[in-house]
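Both counts, for ligands and for their atoms, begin at 1 and track the order of listing.
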Amino acid sequence: MEKCTNLAEMKEWCRAIPKIELHAHLNGCIRDSTLLELAKLLGEKGVIIFADVEHVIRKCGRSLTECFQLFDLFHILATDHETISRITKEVVEDFAAEEVVYLELRTTPKNNEAKGMTKRSYMKAVINGLRSVDTVDASFINLNGKTESFCEPMQKSCTTCMEKKKIYVRLLLSIDRRETTAAAMETVCLALEMREFGVVGIDLSGNPVVGEWNTFLPALKYAKEQGLPVTLHCGEVSNKMEIQAMLNFSPDRIGHACFLDEDDWEKARLSQIPVEICLTSNLRTQRLSSIHVHHFANLYNANHPLVLCTDDTGLFSTSLSNEYYLAAETFGLDKKDMLQLGANAIEFVFADSEVKKAIREIFRAFERRLA
Ligand code: 6MZ
C-alpha cells in the first residue's frame, strides 16, 4: 500500500475505509439541523425561547461543564418517543454514510412521567428508530427478537439494495452518574431483558464530577455476574481513588482515560483493557493542553488495545472519519496504519462472534478490492 502523498488524499482515505464506532452517545450525536428544528417547534409552543437556544446550539468550543448543561437542553428538545425514534434513525444513517460498518450506540434510558415515558418505552422508541432506517441497510435485532439482516437483493438488477451502505448496529445502555443505585440496577435489569433485542453491554457515563463510584458498583457487579460486558468512562477528570477502583473492577473497556497515572497505566497494560479514544472531545472539553500530548501516541506506540471514537458527533461537530484523519495527521500514521487501526477494533466489540466474523469479512473484502 503506497504512502499518502497529501493531506487531502489522507482525508479521503479516512472517509473511505471501513470503520468501527464503539463510543457514541445517542443524544450527543443529534444533527444540529434537527436540534434547531426541534428548538423552533418548542419555541413556537412557548416552552423555550428559540433565540437563546439557537445561540447555545450554534456555539463552538465548550467546557466540560457547559457540555453537561447542553445535554440537559438536548433532553428537553428530544423528550418524546417519536423524537427518540427519529434521532436514532438519523444517527445510524449518518454513521453509515461515512463507512462505519459496526456501530455500538449508547444511550441512557429515561423515565419521563409527563411524556408517559418509562426506561422500557424509551428503549422501544430507540429500537423503532432502528427499524425505520431506510436510506441505509441496517442489521439489528428487532422487537420480535429476530435479527433484521441486510436486505438481500433477489436479483442482481435490484440496484437500490445493492447500492445501500450496510451497517451492523448494537446498543449499550448507559447509567447516568446522577442516578441512584436502584435506578442503575433498573437499567442493568432492562439491559439483560433486552439482550435479545441487540443490547450488548452497559456504560457508566454522565458528568464525571457528579456521583460516587460506590453508588453504581452493585449494578455494575450484577451486570458482570450476568455476563453483560461493561465499559466505564474512566479518568475523564482527575480522581485517583475512582480510577483505581474502576481498574480494580476490570471493565471490558474504558473510555477517555485522560488522567491515568503511571501505575494506573501499568494496571491497564497488564490487563490489556481496550481504551476508547475520543480526541476531539478531549480537546474541546480542555482535558489536554494540546493534541500533541494526547495519550493516544503512547498507547499506540506500546501496542495497547485502543479504538478511535467520536463520543458526541453533534456536540463536537465531528465524525469518525475526522477522528481518523486527526490521528493520522497529528501522529504521522499512514494509510496502512489507519486501516489496521480500524480493523483492530473488531476484537473489542461486544457483539457475538458471528457479527465479528462478518465485520472481519468486510475489512478483508475492502483489502481485496485494493489489491
Ligand atoms: C461523560 C457523556 C459524555 O445517553 O442521553 N455523555 N458522559 N462524558 C462525556 N464526554 C463529553 N458525552 C455524553 O446521550 C447523552 C448523555 O451521554 C452522556 C451524558 O450522560 C449525556 O447526558 P444519551 O443518549
Any N/O pair [X]/ligand 1 closer than 3.5 Å:
X      : result
Asp311 : yes
Thr108 : yes
Arg178 : no

### Task
Evaluate the ring planes of His233 and His25, with Trp represented by its six-membered ring, and classify them as parallel (under 30°), tilted (30 to 60°) or perpendicular (over 60°).
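Judged by the thresholds at 30° and 60°, the geometry between His233 and His25 is tilted.
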List the closest protein heavy-atom neighbour of [atom]: residue, atom name, distance to the nearest 0.1 Å.
atom                    : result
atom 22 (O) of ligand 1 : His75 CE1, 3.2 Å
atom 7 (N) of ligand 1  : Gly206 N, 2.9 Å
atom 24 (O) of ligand 1 : Thr107 OG1, 2.7 Å

### Task
Begin with the C-alpha distance, continue with both residues' side-chain angles, and end with the deciding distance and a verdict on ring pair (Phe, Tyr, Trp, His ring centres under 6.0 Å) for Phe331 and Phe296.
CA-CA 9 Å; Phe331 304 107; Phe296 171 90; 4.9 Å; yes
Should the proximity of [X] to ligand 1, defined as any heavy atom under 4.0 Å, be assigned to the side chain, the backbone, both, or neither?
X      : result
Asp312 : side chain
Leu26  : both
Phe74  : neither
Arg177 : neither
Leu315 : neither

### Message
The test is side chain to side chain donor-acceptor pair (under 3.5 Å); show your working for His295 and His256 and say whether it passes.
### Response
CA-CA 10 Å; His295 46 291; His256 297 294; over 6 Å; no
### Nearest candidate to atom 10 (N) of ligand 1, where distance is taken over non-hydrogen atoms, out of Glu236, Arg284, His25
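Looking at heavy atoms only, the winner is Glu236.
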Which atom names give the shortest non-hydrogen contact between [X] and [Y], and what distance separates them?
X      : Y      : answer
Tyr122 : Pro109 : CD2-CA, 3.6 Å
Leu315 : Phe71  : CD2-CZ, 3.6 Å
Met117 : His81  : CG-NE2, 3.7 Å
Arg195 : Gly227 : NH2-O, 2.6 Å
Tyr222 : Cys189 : CE2-SG, 4.2 Å

### Task
Begin from the C-alpha positions of Lys335 and Glu9 and carry the test side chain to side chain contact (heavy atoms under 4.5 Å, CB included) through to its verdict.
CA-CA 10 Å; Lys335 283 171 141 184; Glu9 193 185 330; 3.2 Å; yes
### Query
Which ligand 1 atoms are under 4.0 Å away from a heavy-atom of Asn27?
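Reading through ligand 1 atom by atom, the close ones are 5 (O), 14 (O), 15 (C), 23 (P), 24 (O).
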### Residue Asp176 vicinity, atoms of ligand 1 by number, heavy atom under 4.0 Å
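Those qualifying, in numeric order: 20 (O).
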### Query
Can a non-hydrogen atom of Phe316 be found less than 4.0 Å from any atom of ligand 1?
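Yes; Phe316 lies near enough to ligand 1 that a heavy-atom distance drops under 4.0 Å.
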### Query
Around Glu113, counting heavy atoms of other residues, nucleotides and ligands shown, do more than 12 lie under 6.0 Å from its CD?
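For Glu113, atom CD is not crowded (no more than 12 foreign heavy atoms under 6.0 Å).
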